[in-house]
Amino acid sequence: MAKIIYTHTDEAPLLATYSFLPIVKAYAGKAGVEVETRDISVAARILAQFGLADDALTELGELAKTPEANIIKLPNISASIPQLKAAIKELQAQGFDIPDYPESPNNAEEQEIRAKYDKVKGSAVNPVLREGNSDRRAPASVKNYAKAHPHTNKPFAEGSKTRVATMGQHDFASNERSVTLPADDTLSIVLEKADGEQVVLKDGLKVLAGEIVDATRMEAAALQAFLADTLAQAKADDVLYSVHLKATMMKVSDPIIFGHVVKAYFADVFEKYGADLAAAELSPNDGLGGILAGLDALPNGAEIKAAFEEAMASGPRLSYVNSDKGITNLHVPSDVIVDASMPAMIRNGGKLWGADGGEADTLAVIPDSSYAGVFQAVIDDVKAHGPLDPATIGTVPNVGLMAQAAEEYGSHDKTFEIPAAGKVVVKNSAGETVLEHDVQPGDIWRACQTKDIPVQDWVKLAVTRARATGAPAVFWLNETRAHDRELIAKVNTYLLEHDTEGLDIRIMAPTAAAKFSVERMRQGLDTISVTGNVLRDYNTDLFPILEVGTSAKMLSVVPLIAGGGLFETGAGGSAPKHVQQLVEQNYLRWDSLGEFFALVPAFEKYAEQAGNPAAKVLADTLDRATGTFLNEDRSPGRKLGTIDNRGSHFYLALYWAQELATQTESAELAEAFKPLAEKLAAEEQTIVEELLAVQGKPVDIGGYYRPDAAKTEAVMRPSATLNEALASL
Ligand code: NAP
Ligand code: MG
């Protein structure tokens, strides 16, 4: 029996679901379309580990491997350790009998508990569901809206000193080694210390024939020298110093790199007080914020604090995340995330904010050189030719390799900070060396896998999109990089399996590809970026932010390799700041546009899976309603007194009902929706008033990670008139 699964997740998208899903269910029900929910929130995933909730994630992971899959996936929390602990505490307070998180497990039982919690930690959902590659683009309606209502991309000032600094040697990009394995095998990763001791870092790593395996290291000494040099450059140029990493996704490597930056900036302080800080377990990897907050407990805390302040006064100017609150770029490792921070800076004329809140040019430090050149290429173009004009520029959609955890460089289970000098060796089951690197203490070594079937599917998807759009498709692959060379060989092989007659398909290194795409964009031309997993993530922020002002308005389809569909909503995350605003002001600024977009192909898929033409009518009418929604500018505002997420859902419901009432494919549906369309139109003012009336007061939703269903429903559905109209359908 075909059905659409709508996921319950976390934070803002979960709150929005309480308001939007009743509309979807009511409308879909009229067309005989089954919509069910599955809870994959971090709270539900914790409870599932202890048999206290269904293991919906595992179920959906299995479903994703079948042609029946039709899943709408909203953004979810990738829980850090502090978030995981907070969720555990909340669930315990709600009466669930679950154990504390064992910080350092002392026995087998605690180890088992820790292993359970580790399954919930970090990026635990997407790799399970992503049994397909990614097709992300700004829908034509969004692009047209942006052309008619362009946001401002500011010009770079004459002589702007803003630029990217990257290592270019001794880093992940340049030390990479890569092989394609000839047969199924089981690998292990061993540190062979200079003193002869062998330490197994990881074993039992299953690989399939044709799989690409690579390994690389970031050399700690070179990183330190690079950071000292960039600090001197920023000081000499009197620009803001900012570092751009991805500590959320690259959960192991990037906090370590961030820690090096904190230590480099405050080199004198760490020289003098490093032992005190270490003894108090104040780690630079957690950021300056955590260190400063912990100093009060130290006997010489005030003295150390003064030393930090003195260092900031005499060092290069830091960029600030929030000048009013004194939060610098170095306060929290996950505050500044490269994929969103770099395009936001470019949109702002290459300027970030300093201590006084004033804007200034910046030295944007992106240590690893794998993709740093992409941002520099866009900066160079904008410096030479002026800002990109959203009213006229073309679009750069993305076809991204990600199926079956392809190129998950962030994988925490294969990234290690090396404790001692020696060699890290990847061995096959016969004990032969597959890859090896000499290492020094402090180096960050990582391995990564990419299976063959996902690569084949990715090439096919690129050809399909090139054929569907007529736009050139550029594979962003660098033949001087080891992993990319293996991939290029596969791409060239698999392209031969497709009819590419008349298509423009190229392979270019990322920097050249970015330059090429931006030049075409200026001429109003579209260029498909066909990329690996990391650039999938970066490019689907970079180009949307420049083209349409945000990445929240993306269509994000994952055609599953087994034939089903996974429809991700938008390209953003779960927007924690939005929850704070709802709780304080009863105002939710989450934009559900990504959900609207995802439903259209889900209904289309359902029509095909169930042979139900009414589902296609739902898809077509929703698509047109979303166009009206955009033209009428019904997305939530950001401030009290404008319609919020709930009001935006009302307008979508109105336009959708009107489209259903007036379409001619299904007389039955037209009949069914006519009274509702009339009622919603007639009651518009009452409903909007009811929705506005609740704003401005704090609300209680009975939990953060597991809000109380009844309380949340009451908060998210405050219009009695709208609720009655929906019930009458
Ligand atoms: P984020 O949730 O995307 O939030 C960054 C900002 O983007 C928000 O504060 C908001 O800006 C804006 N935004 C994103 N989606 C929006 C929408 N639909 N409507 C309106 N504004 C939207 O990124 P984050 O803070 O880095 O990550 C938060 C959590 O999401 C983390 O746990 C992360 O791991 C997770 N995440 C999940 C996915 C996924 O499941 N696919 C993807 C990315 C991140 P304003 O505050 O200015 O309104
Ligand atoms: Mg991103």
Side-chain angles (χ1 to χ4, degrees), residues 7-17 20 40-42 45 57 71-84 86-87 120-130 134 136 142 244-251 254 321-322 332-344 347 371 398 400 402 410 531 533-545 548-554 556 558 566-582 587-598 635-639 644-645 648-649 704-705:
T7 50
H8 262 269
T9 58
D10 307 282
E11 295 181 330
L14 172 64
L15 297 174
T17 298
F20 184 49
I40 53 168
S41 63
V42 66
R45 287 183 284 123
L57 180 60
I71 304 168
I72 298 196
K73 158 66 177 58
L74 280 72
N76 63 282
I77 293 178
S78 296
S80 62
I81 299 282
Q83 284 176 308
L84 193 57
V120 180
K121 195 177 74 180
S123 186
V125 172
N126 287 331
V128 175
L129 299 183
R130 287 176 171 168
S134 148
R136 281 187 181 174
V142 169
H244 304 259
L245 294 163
K246 179 111 188 171
T248 45
M249 192 173 172
M250 312 298 174
K251 261 187 169 58
D254 284 19
V321 173
N322 186 330
V332 182
S334 57
D335 265 358
V336 177
I337 301 291
V338 58
D339 48 351
S341 63
M342 287 302 294
R347 183 178 55 185
Y371 310 111
N398 180 263
M402 66 175 193
T531 70
N533 203 356
V534 175
L535 279 175
R536 168 197 63 78
D537 185 31
Y538 291 9
N539 282 6
T540 58
D541 279 309
L542 174 63
F543 292 108
I545 287 174
V548 305
T550 170
S551 56
K553 299 183 176 180
M554 299 296 280
S556 189
V558 184
L566 171 67
F567 307 99
E568 301 191 5
T569 74
S574 49
K577 277 187 271 176
H578 294 199
V579 187
Q580 210 177 338
Q581 190 181 15
L582 177 91
Y587 189 90
L588 184 66
R589 69 180 191 268
W590 177 259
D591 190 340
S592 300
L593 207 51
E595 284 82 298
F596 306 164
F597 288 139
S635 280
R638 298 175 63 83
K639 290 194 248 33
D644 75 348
N645 175 263
S648 76
H649 295 159
Y704 187 90
Y705 294 97

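Indexing begins at 1, ligand by ligand and atom by atom, following the structure's order. Since the structure is predicted, the reported quantities are computational estimates derived from the model, not experimental observations.
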Quiz item: Would a distance-only check, ignoring hydrogens and angles, find a side-chain to backbone donor-acceptor pair under 3.5 Å from Y587 to K639?
Solution: yes
Self-check item: Ligand-residue contact atoms, ligand 1 with I77, heavy atoms, under 4.0 Å
Solution: 32 (O)
Quiz item: Got a donor-acceptor contact below 3.5 angstrom from the D10 side chain to the V42 backbone?
Solution: yes
Quiz prompt | Sidechain-backbone polar pair: N533 side chain, M402 backbone, donor-acceptor under 3.5 Å | solution = no
Practice problem: Using a strict cut-off of 4.0 Å, indicate which atoms of ligand 1 neighbour a heavy atom of N126. | Solution: 39 (C), 40 (O), 41 (N)
Self-check item: Side chains of S134 and R536, donor plus acceptor under 3.5 Å
Solution: no
Quiz item: Is any heavy atom of the protein nearer than 4.0 Å to atom 47 (O) of ligand 1?
Solution: yes
Quiz prompt | Enumerated ligand 1 atoms positioned under 4.0 Å from heavy atoms of K73 | solution = 39 (C), 40 (O), 41 (N)
Quiz item: What residue and heavy atom of the protein are closest to atom 26 (O) of ligand 1, and at what distance?
Solution: I337 CG1, 4.5 Å
Practice problem: Give a yes-or-no answer on whether the side chains of N398 and T531 include a donor-acceptor pair shorter than 3.5 Å. | Solution: yes
Quiz item: Can you tell me the protein heavy atom closest to atom 29 (C) of ligand 1 and the distance?
Solution: S574 OG, 3.2 Å
Quiz item: Heavy atoms, side chains only, cut-off 4.5 Å: are S41 and H8 in contact?
Solution: no
Quiz item: Which residue and non-hydrogen atom of the protein lie closest to atom 3 (O) of ligand 1, and at what distance in Å?
Solution: G573 N, 2.6 Å
Exercise. Decide whether an N or O pair under 3.5 Å exists between Q83 and ligand 1.
Key: no
Self-check item: atom 24 (P) of ligand 1 protein-contacted, heavy-atom criterion under 4.0 angstrom
Solution: no
Self-check item: Donor-acceptor under 3.5 Å (R589 side chain, H578 main chain)
Solution: no
Exercise. Give the residue and atom name of whichever protein heavy atom lies nearest to atom 45 (P) of ligand 1, and the separation in Å to one decimal.
Key: R589 NH2, 3.3 Å
Self-check item: Modelled atom types, side-chain donor and acceptor of S592 and H649, under 3.5 Å
Solution: yes
Quiz item: Between the candidates E595, K577, H578, Q580, which shows the shortest non-hydrogen contact distance to atom 10 (C) of ligand 1?
Solution: H578
Quiz item: Just to confirm, does any protein heavy atom lie below 4.0 Å from atom 19 (N) of ligand 1?
Solution: yes
Quiz item: Is R638 in polar range of ligand 1, meaning some N or O pair under 3.5 Å apart?
Solution: yes
Self-check item: D541 atom (N/O/S) at minimal separation from the Mg ion (ligand 2)
Solution: OD2
Quiz item: Can a protein heavy atom be found under 4.0 Å away from atom 13 (N) of ligand 1?
Solution: no
Quiz item: Any idea which atoms of ligand 1 are less than 4.0 Å away from a heavy-atom of A552?
Solution: 15 (N), 16 (C), 17 (C), 18 (N)
Exercise. Report yes or no: does a heavy atom of P576 sit under 4.0 Å from some atom of ligand 1?
Key: yes
Self-check item: D537, N/O/S atom nearest the Mg ion (ligand 2)
Solution: OD1
Quiz item: Looking at ligand 1, does E568 have a heavy atom less than 4.0 Å from it?
Solution: no
Exercise. To the nearest 0.5 angstrom, please state how far the CG atom of N76 sits from the OG atom of S574.
Key: 7.0 Å
Quiz prompt | N645 side chain vs W590 backbone, donor-acceptor pair below 3.5 Å | solution = yes
Self-check item: Polar side-chain atom of T7 near backbone of I72 as donor-acceptor pair, under 3.5 Å
Solution: yes
Quiz item: Can A575 be said to touch ligand 1, with heavy atoms closer than 4.0 Å?
Solution: yes
Practice problem: Return the name of the atom in D339, of element N, O or S, nearest to the Mg ion (ligand 2). | Solution: OD2
Self-check item: Spacing of CD belonging to E568 relative to CD belonging to E595, to within rounding of 0.5 Å
Solution: 12.0 Å
Quiz item: With respect to atom 34 (O) of ligand 1, which of A340, A247, P75, S78 exhibits the smallest heavy-atom separation?
Solution: S78
Practice problem: Give a yes or no on whether atom 36 (N) of ligand 1 lies under 4.0 Å from any heavy atom of the protein. | Solution: yes
Exercise. Run the numbers for me: atoms of ligand 1, each under 4.0 Å from some heavy atom of G572, listed by number.
Key: 3 (O), 38 (C), 42 (C), 43 (C)
Quiz item: Considering only heavy atoms, does P13 approach ligand 1 within less than 4.0 Å through its side chain, its backbone, both, or neither?
Solution: neither
Quiz item: Quick one: CG on D339 to CG on L245, what's the gap to the nearest 0.5 Å?
Solution: 11.5 Å
Quiz item: Between CG of L74 and CD1 of I40, what distance do you get to the nearest 0.5 Å?
Solution: 8.5 Å
Quiz prompt | Side-chain (Y704) to main-chain (V579) donor-acceptor, under 3.5 angstrom | solution = no
Quiz item: Near W590, which atoms of ligand 1 are under 4.0 Å from a heavy atom of that residue?
Solution: 15 (N), 16 (C), 17 (C), 18 (N), 19 (N)
